[in-house]
Amino acid sequence: MVIKTVDASVIKKCFLAGANAIDAKKEVINDLNVFPVPDGDTGTNMTMTIMSAAREVAALDDIDMKKLCKAISGGSLRGARGNSGVILSQLLRGFTKEVSKEEEVDVHILAKAFERAVESAYRAVMKPKEGTILTVARGGADQAVELAERTDNLVEFMNSVIMHMRDVLELTPDMLPVLKEAGVVDSGGEGLLTILEGAYDVLLGKEVNYEVEAGGYTGGASRRADAEAVSEADIKFGYCTEFIIMLEKEFPSREEKEFKSYLESIGDSIVCVADEDIVKIHVHTNDPGLAIQKALTYGSLTRMKIDNMREEHNERVIRDAEKKAAEQKNEEQAKRAAQTEANEHKENGFISVSVGKGLGDIFRDLGVDVIIEGGQTMNPSTEDILSAIDCVNADNIYILPNNSNIILAAEQAKDLTEDKNIVVIPSKNIPQGITAMINFVEGMGPEENAEAMTEGLSMIKSGQVTYAVRDTSIDGKEIKAGDIMGLSDKTIETVGTDIIDTTIDLLKKMMDEDSELITIYYGEEGNEADAERVADAIRQIDADVEVEIHDGGQPIYYYFVSVE
């Protein structure tokens, strides 16, 4: 197959196919994450980023290259979540800047677009690290420039670029020891390749999915109807089980009737259709193994498919809840915007990312104007941060990301804001954010305050206690899903099976002879009594250390702790 140029309509299809490709594979990409913490993962963040743009692209009717590129760039920039999502948005931004000037794209333009994409992404990262999505993207750009001089066939060109990027991806464990120890390749690089491979399928003429739903979930009308039926029904039998029996003996009507009766004894929604040498089976049951075991007495099985209907129902409930939450969030943002106009203008304002009523109250008491809900389990997007900026009526606005995976999104929001001075304090966790607010001095200029607040981050040691979401090996520790982990600023310090014991072990490793104050923020699954048990254990280790306890109310993380 030879294709020498593509226009905006083809690029639109490629983009939507790439977006749906990573949406379908996001959990596989999530599983490549080295740290097994329940944070917003790479696959999820990249998917939500590109889907933000895909919804704008899908809504375009009168398509041309400029409109298409504006939708891709603007949608991904505003929707960017997490470091991987921000880097992806910058790759798309650089790519579209080069392509938007053209009516059709050939290998030479594509090579230039790849180069510009990589330049844009590297500029967005303060300290680029090799062995990541950046390395894989640069490998693709280098290969593209070389190939553009050897072929004018876009199909051959893209195939070679993707193959070379796959080779680079396989080398990432040699560049980052942490990847080698965990036995995985870089998750961001895998995500980028998944998008490109989905786009390449369009050039090959494969049947791909271009549909993008308003909420960012893909799937056809029949799938949605099935989900609605499941959600409305009383789910008596949990597993939708389907397979085909390749008959190895006769299957007379008497046998067919007996088999149907057996299926009815273990489930409902029975379909049993015999056709010469095969029998098609569908049954809802609580024990698929019984249906399979009985079917094997008639022959071998193929095209086996088992779906957990309760899980599908729960996912739908979650999606409906997320939709409702999004609607409420939009209403709240509109109210805040109206309040902003009524608020008296001031010199300094503050935005903090946080979750949990207790932590929100602490930040508000320290002077924070707007709390962006999120952080650990859901990284807010650049657009979320921009909306918060709009709600603060101040000349200088200080943003506390309180998560290393949100800093780039905050910086991107800063770059997109023109009418206010935005100062991003690179706080990587909640205790650092609280310390930064304490170090703000009214009357000092934004540069002096930024320096003081940032310096304050290094004055404390921060830790978190949570559970492992997957098996992995890191820093010489074998971790199983469900283990309790104590994490410091830099690494996983301790692993155990008891929350309190693990928290105490973490604090022991964080303390030294200069430690004076320990602060414990317990989460929504904890309580003050358990936190006091931790505090008592610490006082027995060092009676001179002061221990403070606060109700943080944060989900997922049992404790946030700090040592000063």
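It should be emphasised that the depicted structure is a prediction, and the values quoted were computed from it without experimental measurement.
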Exercise. Find the distance between NZ (Lys508) and CE (Met510) and round it off to the nearest 0.5 Å.
Key: 14.5 Å
Quiz item: How about Leu416 and Thr382: do any of their side-chain heavy atoms sit closer than 4.5 Å?
Solution: yes
Exercise. Apply the test side chain to side chain contact (heavy atoms under 4.5 Å, CB included) to residues Lys461 and Asp512: give CA-CA distance (whole Å), side-chain angles for both, the deciding distance (0.1 Å), then the verdict.
Key: CA-CA 11 Å; Lys461 300 175 185 177; Asp512 57 34; 2.9 Å; yes
Quiz item: Heavy-atom distance under 4.5 Å between the side chains of Ile133 and Met46, does that happen here?
Solution: yes
Quiz item: Is there a side-chain contact between Glu516 and Val545 (heavy atoms, below 4.5 Å)?
Solution: no
Self-check item: Asp505 and Thr502 side chains, donor-acceptor separation under 3.5 Å
Solution: no
Quiz item: Does a donor on one side chain sit under 3.5 Å from an acceptor on the other, for Asn402 and Asn429?
Solution: no
Quiz item: Can you name the residues that form a side chain to side chain donor-acceptor pair (under 3.5 Å) with Asn396, not counting sequence neighbours?
Solution: Asn348, Asn421
Exercise. Check whether any side-chain heavy atom of Tyr557 sits under 4.5 Å from a side-chain heavy atom of Ile430, and report yes or no.
Key: no
Quiz item: Do you know the tightest heavy-atom contact between Gly139 and Val168?
Solution: CA-CG2, 4.3 Å
Practice problem: Could you tell me whether a side-chain N or O of Ser120 sits under 3.5 Å from a main-chain N or O of Gln90, the two making a donor and an acceptor? | Solution: yes
Quiz prompt | Derivation of the side chain to side chain contact (heavy atoms under 4.5 Å, CB included) call for Met165 and Leu192 | solution = CA-CA 9 Å; Met165 291 174 70; Leu192 179 60; 3.8 Å; yes
Self-check item: Approximate separation, where rounding is to 0.5 Å, of Ile499 CD1 and Thr466 OG1
Solution: 9.0 Å
Exercise. List the atom of Asp498, the atom of Asp501, and the distance in Å for their closest heavy-atom pair.
Key: OD2-N, 2.8 Å
Exercise. Dump the intermediate steps for side chain to side chain contact (heavy atoms under 4.5 Å, CB included) on Glu532 and Ile549, then the final yes or no.
Key: CA-CA 8 Å; Glu532 281 290 356; Ile549 296 174; 3.5 Å; yes
Quiz item: Crowded around Met459 CE? As in, over 12 foreign heavy atoms under 6.0 Å?
Solution: no
Quiz item: Does Ile372 reach the side chain of Ile351, with side-chain heavy atoms less than 4.5 Å apart?
Solution: yes
Quiz item: Is there a donor-acceptor pair under 3.5 Å between the side chain of Arg81 and the backbone N or O of Thr49?
Solution: no
Quiz item: Do the side chains of Val561 and Thr519 get nearer than 4.5 Å, heavy atoms only?
Solution: no
Quiz prompt | Qualifying ring pair (Phe, Tyr, Trp, His ring centres under 6.0 Å) pairs with a residue from residues 381-426, counting only residues at least two apart or across chains | solution = Phe350-Tyr398, Tyr398-Phe440
Quiz item: What distance do Asn30 atom CG and Asp41 atom CG have between them, rounded to the nearest 0.5 Å?
Solution: 4.0 Å
Practice problem: Could you give me the CA-CA distance, side-chain angles and deciding distance for Thr47 and Asp23, then say whether side chain to side chain donor-acceptor pair (under 3.5 Å) is met? | Solution: CA-CA 5 Å; Thr47 297; Asp23 185 26; 4.9 Å; no
Quiz item: When you check the gap from the basic side-chain N to the acidic O, do Asp536 and Arg539 get nearer than 4.0 Å?
Solution: yes
Quiz item: Of all residues at least two apart in sequence or in a different chain, which pass the salt bridge (charged side-chain N to carboxylate O under 4.0 Å, His left out) check with Arg138?
Solution: Glu130
Exercise. Show the numbers, then the answer: is there a side chain to side chain contact (heavy atoms under 4.5 Å, CB included) between Val465 and Ile484?
Key: CA-CA 7 Å; Val465 179; Ile484 307 301; 3.7 Å; yes
Quiz item: Roughly how far apart are Ser488 OG and Leu507 CG, rounded to 0.5 Å?
Solution: 11.5 Å
Quiz prompt | All pairs passing ring pair (Phe, Tyr, Trp, His ring centres under 6.0 Å) where residues 473-499 contributes a residue, at least two apart | solution = none
Quiz item: Atom CZ of Arg123 and atom CZ of Arg93: how far apart are they, to the nearest 0.5 Å?
Solution: 8.5 Å
Quiz item: Does Asp390 use its side chain to pair, donor to acceptor, with the backbone of Ser387 at less than 3.5 Å?
Solution: no
Self-check item: Other residues, nucleotides, ligands: >12 heavy atoms within 6.0 Å of Lys480 NZ
Solution: no
Exercise. Report yes or no: does Glu170 contribute a side-chain atom to a donor-acceptor pair with the main-chain N or O of Asp167 at less than 3.5 Å?
Key: no
Exercise. For salt bridge (charged side-chain N to carboxylate O under 4.0 Å, His left out), just list the numbers for Asp361 and Arg364, CA-CA rounded to whole Å, side-chain angles, deciding distance to a tenth of an Å, and then say yes or no.
Key: CA-CA 5 Å; Asp361 290 343; Arg364 291 186 185 92; 3.8 Å; yes
Quiz item: What residues form a side-chain contact (heavy atoms from CB on, under 4.5 Å) with Thr435, not counting sequence neighbours?
Solution: Asn439, Ile460
Quiz prompt | Atom pair OG/CD of Ser354 and Gln554 - distance to nearest 0.5 Å | solution = 8.5 Å
Practice problem: Using atom types as modelled and distance alone, determine if a side-chain donor or acceptor of Asp483 lies under 3.5 Å from a backbone N or O of Val495. | Solution: no
Practice problem: Find out whether Asp530 and Tyr522 are in side-chain contact, i.e. whether some heavy atom of one side chain is under 4.5 Å from a heavy atom of the other. | Solution: no
Quiz item: Is Asp369 salt-bridged to Lys346, cutoff N-O under 4.0 Å?
Solution: yes
Quiz prompt | Test item: side-chain donor near acceptor, Ser84 and Asn45, under 3.5 Å | solution = no
Quiz item: Nearest heavy-atom pair of Leu506 and Thr494: which atoms, and what distance?
Solution: N-CG2, 3.9 Å
Quiz prompt | Glu411 (side chain) donor-acceptor with Ile407 (main chain) under 3.5 angstrom | solution = no
Quiz item: Sub-3.5 Å donor-acceptor pair from the side chain of Ser52 to the main-chain atoms of Gly75, do we have one?
Solution: yes
Practice problem: Check whether any side-chain N or O of Lys420 sits under 3.5 Å from a backbone N or O of Val392 as a donor-acceptor pair, and report yes or no. | Solution: yes
Practice problem: Evaluate the side-chain proximity of Val423 to Ile399: yes if any heavy-atom separation is below 4.5 Å, no if none is. | Solution: no
Practice problem: Search all heavy atoms of Tyr559 against all heavy atoms of Ala531 and return the closest pair with its distance. | Solution: OH-N, 3.6 Å
Quiz item: Taking all non-hydrogen atoms of both residues, which atom of Thr454 and which atom of Pro426 are closest, and how far apart?
Solution: OG1-CD, 3.8 Å
Exercise. Tell me, please, which residues at least two apart from Asp174 pass side-chain contact (heavy atoms from CB on, under 4.5 Å).
Key: Leu171, Lys180
Quiz prompt | Donor-acceptor side-chain pairing of Ser515 and Glu564 below 3.5 angstrom | solution = no
Quiz item: Can you find a side-chain donor-acceptor pair between Ser187 and Thr42 that sits under 3.5 Å?
Solution: yes
Quiz item: Does a salt bridge link Arg166 with Glu190, judged by any charged N lying under 4.0 Å from a carboxylate O?
Solution: yes
Self-check item: Exercise: identify the closest heavy-atom pair between Ala80 and Ser89
Solution: CB-OG, 3.8 Å
